Peer 1: 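Just passing along the structure, written as structure tokens.
When a ligand or atom number is given, it counts from 1 through the structure's own listing order. Residues take their numbers from the sequence shown, with the count starting at 1. A quick note: this is a predicted structure, and the numbers were derived from the prediction, not measured.
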Amino acid sequence: MSVSLHVNVDHVATLRQARGTRYPDPVHAAVVCERAGAAGITVHLREDRRHVQDRDVEVLREVVSTRLNLEMAATEEMLQIALRVRPDIVTLVPERRLERTTEGGLDVVARREELTRFVGTLADAGIPTSLFIDPVAAQVEASVETGAPVIELHTGVYAHGHGLEATRALHALAAAAELGGTRGLVIAAGHGLTSRNVGELVRRVLPLEELNIGHALVSDALFEGLDHAVASFLAAIADGESQR
Ligand code: PXP
């Protein structure tokens, strides 16, 4: 099973919103990423609409020919948008207004009943749900109970940590992925991944089907071009897989 790359194009919209222009366009970016080999496109429609706008999600739904992953908070407003736009998958994330980016995983243990209803409503509409969680056994088990078919493991501590902290985080990710795999979940991962740290993650964390990568890839694109940045990440992922 190979690990697929889904590119999060939020930051293309961040740049556009900084000036209120029509460019750069996240839809254009999505097409470039797909042509460069990305297996999917991810966007986070935040409650405050700080980067991606509703129209972006609608146009992406028409244009994306791989898979469209809509990240969103578990709110009634977002649920209605997901049911209307019909992404290929919804990723539920926690959202705090003042955060710079998603800061931690969903507390599925504490919100199990509410999230189970959410996952069920989306499943009834034929839309699978992924839950973005910290690599903690109790969160994996609670995720299974919601009926969600996919979990996305938060890789932020691994990606931003140093030395022992990063090593411990990698072990936690490997253990959570293994547990989720034995429970029949599809395992995704993301947050803070770069072309330097993604290979080691892929080498050590099994099973792993999908990565969601945004900030570092879009940053690399400024200097290398977007197609080249996608190719570099694909090469780093393939390198990690070859060393398993
Ligand atoms: N996965 C989820 C659930 C996220 O919220 C984000 C950030 O929007 C990412 C992956 C991508 O993280 P990064 O931009 O650090 O690569």
Peer 1: I'd like to check whether Leu193 has a polar contact with ligand 1, where a contact means an N/O of the residue lying under 3.5 Å from an N/O of the ligand.
Peer 2: no
Peer 1: Give the contacting part of Glu152 toward ligand 1: side chain, backbone, both or neither, where contact means a heavy-atom distance below 4.0 Å.
Peer 2: side chain
Peer 1: With a 4.0 Å heavy-atom cut-off (strictly under), which part of Asn212 contacts ligand 1: side chain, backbone, both or neither?
Peer 2: both
Peer 1: Can you tell which of Gly214, Gly190, Pro94 gets a heavy atom nearest to atom 16 (O) of ligand 1?
Peer 2: Gly214
Peer 1: Does an N or O anywhere in Glu71 fall below 3.5 Å from an N or O of ligand 1?
Peer 2: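 It does: an N or O of Glu71 is found under 3.5 Å from an N or O of ligand 1.
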Peer 1: Find all atoms of ligand 1 within a distance of less than 4.0 Å from any non-hydrogen atom belonging to Val93, and give their numbers and elements.
Peer 2: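 In order of numbering, the contacting atoms are 3 (C).
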Peer 1: Got an N/O contact under 3.5 Å between His11 and ligand 1?
Peer 2: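 No; the residue has no nitrogen or oxygen that sits under 3.5 Å from a nitrogen or oxygen of the ligand.
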Peer 1: For the side-chain contact (heavy atoms from CB on, under 4.5 Å) test, which of Asp134, Leu131, Ile133 pairs with Val140?
Peer 2: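 Exactly one candidate clears the test, Ile133.
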Peer 1: For Asn8, take its heavy atoms, then give the atoms of ligand 1 lying under 4.0 Å from any of them.
Peer 2: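 Under 4.0 Å from Asn8, ligand 1 has these atoms: 8 (O).
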Peer 1: Consider only side-chain heavy atoms of I, L, V, M, F, W and Y, link residues closer than 4.5 Å, and tell whether Val32 and Leu5 are in one cluster.
Peer 2: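 Per the 4.5 Å side-chain linkage, Val32 and Leu5 are co-clustered.
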Peer 1: Asp10 and Thr42: which non-hydrogen atoms are nearest, and at how many Å?
Peer 2: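 Residues Asp10 and Thr42, closest heavy atoms: OD1-O, 4.2 Å.
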Peer 1: I'd like to know if the side chain of Thr129 and the backbone of Val90 have a donor-acceptor N/O pair within less than 3.5 Å.
Peer 2: no
Peer 1: Between Arg49 (side chain) and Glu47 (backbone), is there a donor-acceptor pair under 3.5 Å?
Peer 2: yes
Peer 1: Can you list the ligand 1 atoms lying under 4.0 Å from a non-hydrogen atom of Ile213?
Peer 2: 16 (O)
Peer 1: Do the rings of His191 and His154 sit parallel, tilted or perpendicular, given the 30° and 60° boundaries?
Peer 2: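 Correct class here is tilted.
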Peer 1: Is there a heavy atom in Gly192 that sits closer than 4.0 Å to ligand 1?
Peer 2: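 Judged by the 4.0 Å heavy-atom criterion, Gly192 does count as contacting ligand 1.
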Peer 1: Is Leu83 close to Gln80 at the side-chain level, that is, under 4.5 Å between some pair of heavy atoms?
Peer 2: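 The answer is yes, as the side chains (C-beta and beyond) meet within the 4.5 Å cut-off.
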